[in-house]
Participant: 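First, the structure itself, so that you have it in front of you.
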Amino acid sequence: MISDLRVMSNDEIAFNTYEMKLYGPAVAQYTMPGQFLHLRIGEGYEHMLRRPISIADVDLIRNVVTIVYKQLGEGTAWLRSRKPEDLINVLGPQGNGFNVNQYSQEHLIVIGGGVGVPPLYYLTKQLAKNNKVTAILGFQDQSSVFYEEAFSKFSEVYIATNDGSYGEKGFVTDILESQQLTNHPYYACGPTPMLKAIQNKLDGVSGYLSFEERMGCGIGACFACVCESTNQQGYVKICQDGPVLKAREVIL
Ligand code: FES
């Protein structure tokens, strides 16, 4: 579905990290956590490609969707310059998200790194209705930390920073170990090396990984996001088969 959403706010919430709220009737369709929006960047022919940004939260009463992005290049700089009331053209919600009905009365772990954290927030809110949730969130350093308080409303939260300037020094996998959380079903989102480390650490445990693959079309047509897979056809398209896939389905 393609629609225009109106910007409500666009604020810096951590170092170089921005939270944008958008609203419009189309948001009523954004019910599954883990899906992403493919935002059209720029006017005219300047940036013909869209940028995939995951859904961080949805308010289905007010039809407001929240996204979080890092300003990394020209495309996200354009996003950064959007002001309240501007319109953004959105394709979505795209891809397969997280199944939130698989467990009930379980202790589940959500594990996020950097901009892999936001989609886990909408997931945690939904999982916490029927389960105990522990969130393990990893960031570069103290200035990059965001959403700790938001997660703490629905889950127990542990923070890891690479330099130890906040929370535990090290990686999310160190917290899995130190808090003895290596036997619970899990949901992870973040850079591929982090997903690989988690999958290795939680070998034999049921889990889902959400990938941050570089994308082109976002609709399964261009093969820009293909990854080698253990499935029968030997590959998956992250934009269409994912971004959420079962652990070990992608060869990391
Ligand atoms: Fe084009 Fe996935 S981004 S096939």
Side-chain angles (χ1 to χ4, degrees), residues 1-5 17-18 20 22 24 26-27 29-56 58 65-80 82 87-99 112-120 122-123 187-196 198-199 207-252:
M1 183 170 66
I2 293 187
S3 46
D4 285 329
L5 296 183
T17 308
Y18 301 88
M20 181 185 274
L22 299 146
V27 175
Q29 312 297 319
Y30 302 176
T31 52
M32 185 187 255
Q35 290 188 300
F36 66 93
L37 301 180
H38 219 23
L39 303 183
R40 185 173 166 177
I41 301 291
E43 280 92 9
Y45 296 99
E46 210 183 324
H47 299 274
M48 282 308 283
L49 286 185
R50 290 175 179 269
R51 293 289 150 92
I53 310 240
S54 54
I55 294 171
V58 178
V65 60
T66 305
I67 57 172
V68 174
Y69 62 94
K70 261 190 185 298
Q71 189 187 318
L72 294 172
E74 256 181 82
T76 41
W78 180 86
L79 217 47
R80 168 74 193 108
R82 296 306 86 194
L87 284 173
I88 298 189
N89 185 266
V90 175
L91 170 66
Q94 296 300 105
N96 274 313
F98 295 104
N99 175 359
V115 284
V117 167
L120 298 178
Y122 192 31
L123 173 69
Y187 304 82
C189 184
T192 305
M194 187 195 95
L195 297 181
K196 187 174 179 178
I198 292 168
Q199 184 172 271
Y208 289 89
L209 307 179
S210 181
F211 290 84
E212 295 177 339
E213 207 52 43
R214 201 172 172 80
M215 288 184 199
C217 69
I219 54 166
C222 74
F223 285 74
C225 64
V226 160
C227 288
E228 208 186 339
S229 170
T230 52
N231 70 10
Q232 266 195 331
Q233 91 187 329
Y235 69 88
V236 287
K237 291 178 194 166
I238 296 298
C239 71
Q240 204 172 42
D241 304 309
V244 177
L245 292 155
K246 274 194 174 151
R248 289 170 288 283
E249 201 173 335
V250 170
I251 297 171
L252 295 173

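Atoms within a ligand are numbered from 1 in the order they appear, just like the ligands themselves. Atoms considered below: every heavy atom in the structure, side chains included; atoms not considered: hydrogens, waters and symmetry mates.
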Participant: Would you confirm whether Gln71, through its side chain, and Ala77, through its main-chain N or O, come within 3.5 Å as a donor-acceptor pair?
Facilitator: no
Participant: With rounding to the nearest 0.5 Å, note down the distance linking CD in Gln240 to CE in Met215.
Facilitator: 10.5 Å
Participant: Is the backbone N or O of Glu249 less than 3.5 Å from a side-chain atom of Ser229, with the two atoms forming a donor-acceptor pair by type?
Facilitator: yes
Participant: Using 0.5 Å steps for rounding, measure from the CG atom of Leu5 to the CG atom of Leu39.
Facilitator: 8.5 Å
Participant: For the CG atom of Leu72 and the CZ atom of Arg80, what is their distance to the nearest 0.5 Å?
Facilitator: 13.5 Å
Participant: Pairs in or reaching into residues 208-242: which pass ring pair (Phe, Tyr, Trp, His ring centres under 6.0 Å), with residues at least two apart or in two chains?
Facilitator: Tyr187-Tyr208
Participant: What is the number of protein N, O or S atoms that sit under 2.8 Å away from atom 2 (Fe) of ligand 1?
Facilitator: 2
